[in-house]
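Read the numbers this way: they start at 1 and go in the same order the structure lists the ligands and their atoms.
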Amino acid sequence: NVHASALAEAHLPDEQTTAFAREAIEDLSRQPKKLSPKYFYDATGSELFEAITKLPEYYPTRTELAILKERGSEIAKIIPEHAALVEFGAGATTKVRLLLGHCRFAAYVPVDISGDFLKAQASGLKRDFPTLGIYPVAADFTTPFELPKQVASMPKVGFFPGSTIGNFEPQEAQAFLKSARKILGRGAQMIIGADLEKDERVLFDAYNDAAGVTARFNLNVLVRINRELGGNFDLSAFTHRAIYNRERHRIEMHLISRKSQTVRLLGTSFAFRPGESIHTENSYKYSLDRFAALAQGAGWRVRESWTDAAKMFSVHALEV
Ligand code: AVI
C-alpha cells in the first residue's frame, strides 16, 4: 500500500493523520477539487483564526459577543436554573464566560476533539467559577457521544456560538441539530449563533481582509498537507479567493492555481490547470426565517432570536 508506506516514512501514521490523508487524496481527486475546512485548525490555523476574529473587517465574533453581553440577562431568564451547559466545540472561553456570568449553571460540559485544549480551558474556568462542575468530553461533536453521568439529571442547554453551523452544508447542519437534540435529551434548549445575510460588500470584505490574514489561514491547509502528509505544494503558486455565492447564500473560499502544475502527496499526483480551484470552505449566511426553517426541520422551535441593531449577526434560543 503506497499511501501507508509513505505515511510511515513521514513518521506520522496515527489515526487522525491517516484520516486526513485519505480524505485529502479523495477530495483532491474530485472534479472540482476540494478540501475540508476542518483541516484549517492545527495550532497555526487556530492562531490565524484568532487573529481573524480581531480584524476590522471580520465583524461576526465581536458582534456575537456584543449580543451575548447585551442580552445576557434575557437569555438567563429563559434558561432553567441548575442546568448543564454543553458547548459543542470549545474555542476561546470568552463567550461561554459571558453566559456563565449571567446564568446560574450547575455544570459546564465542553466537548472538543482536542483533549489537551479542554484541560487547559477547564483549569482557567475552575478558578473563576469555583462552584461550577466542569466535565470535559473529548469527542467529535458531529457524531453521537455520551454526556457525563454527573449531568444526567440536569436539564441541558446546548451552546454552539460563532456561526460554526454556517461551515456545514445545510443537510449536515440539520443532521447536527438533530443529533444535538438527541444528545441533550428531553426539555433541551440550545443557544446558537448564526451569521446573517447582508450587504455583499460587507461579506466580501470580511473574507478578503486588507492585511491578508484570511489568505494565510486559507493557504495554511496546504502548509499542513506539506508537513503532515509529505506534500510538495508550492505556496506561491496558489492564491486565496473568497466570493459570495448569492444563489446559495454562502461565502466560498478557494485556493486558485496560478499556473499549470503538478503536486504530489503520498505517492499520488494531482494536476492543476491555470486558474483551477480547490474549494476549501463554505460559510453559509442565514436569514432569520431560513434559520428557523432549518431548526424546525431538525425538531427544534425558535423561542427567541436576538440580533445587533445593524442586523449583522443573530443568536437564537431553540427549544424542543
Ligand atoms: C469558524 N467559521 C465560522 C469562520 C467563518 O466565518 O465561516 C471561518 C472563517 N473562514 C474564513 N474566515 C473565517
Exercise. If you count the atoms of ligand 1 from 1 in the order shown, which ones are under 4.0 Å from a heavy atom of Gly162?
Worked result: 3 (C)
Exercise. Considering only the protein, which heavy-atom contact is closest to atom 2 (N) of ligand 1, and what is its distance?
Worked result: Asn167 OD1, 2.8 Å
Exercise. Do Arg71 and Glu304 meet the salt-bridge criterion of a basic N to acidic O distance under 4.0 Å?
Worked result: no
For this session: Go through ligand 1 atom by atom and flag the ones less than 4.0 Å from a non-hydrogen atom of Phe49.
Result: 1 (C), 4 (C), 8 (C), 13 (C)
For this session: Run the numbers for me: atoms of ligand 1, each under 4.0 Å from some heavy atom of Ser163, listed by number.
Result: 3 (C)
Problem set entry | For Tyr41, the ligand 1 atoms whose distance to one of its heavy atoms is below 4.0 Å | 1 (C), 8 (C)
Exercise. So which protein heavy atom does atom 10 (N) of ligand 1 come closest to, and at what separation?
Worked result: Glu281 OE1, 2.7 Å
For this session: Say whether Tyr207 and Ser283, considering side chains only, have a donor N or O and an acceptor N or O under 3.5 Å apart.
Result: yes
Problem set entry | Flag, side chain of Asn167 to backbone of Asn282, donor-acceptor distance under 3.5 Å | yes
Exercise. Going by atom types alone, do Asn218 and Thr280 pair a side-chain donor with an acceptor below 3.5 Å?
Worked result: yes
Problem set entry | Gly45, Gly89, Ser283: member with heavy atom nearest to atom 7 (O) of ligand 1 | Ser283
Exercise. Considering distance alone, does some N or O of Tyr207 sit under 3.5 Å from an N or O of ligand 1?
Worked result: yes
Problem set entry | Tyr284-Glu169 side chain donor-acceptor pair, cut-off 3.5 Å | yes
Problem set entry | Distance filter under 4.0 Å to Tyr58 heavy atoms, resulting ligand 1 atoms | 4 (C), 5 (C), 6 (O), 12 (N), 13 (C)
Exercise. Who else is in Leu196's hydrophobic cluster (ILVMFWY, side-chain heavy atoms under 4.5 Å, direct or via others)?
Worked result: Leu288
Problem set entry | Donor-acceptor pair, side chain of Glu57 and main chain of Ala210, under 3.5 angstrom | yes
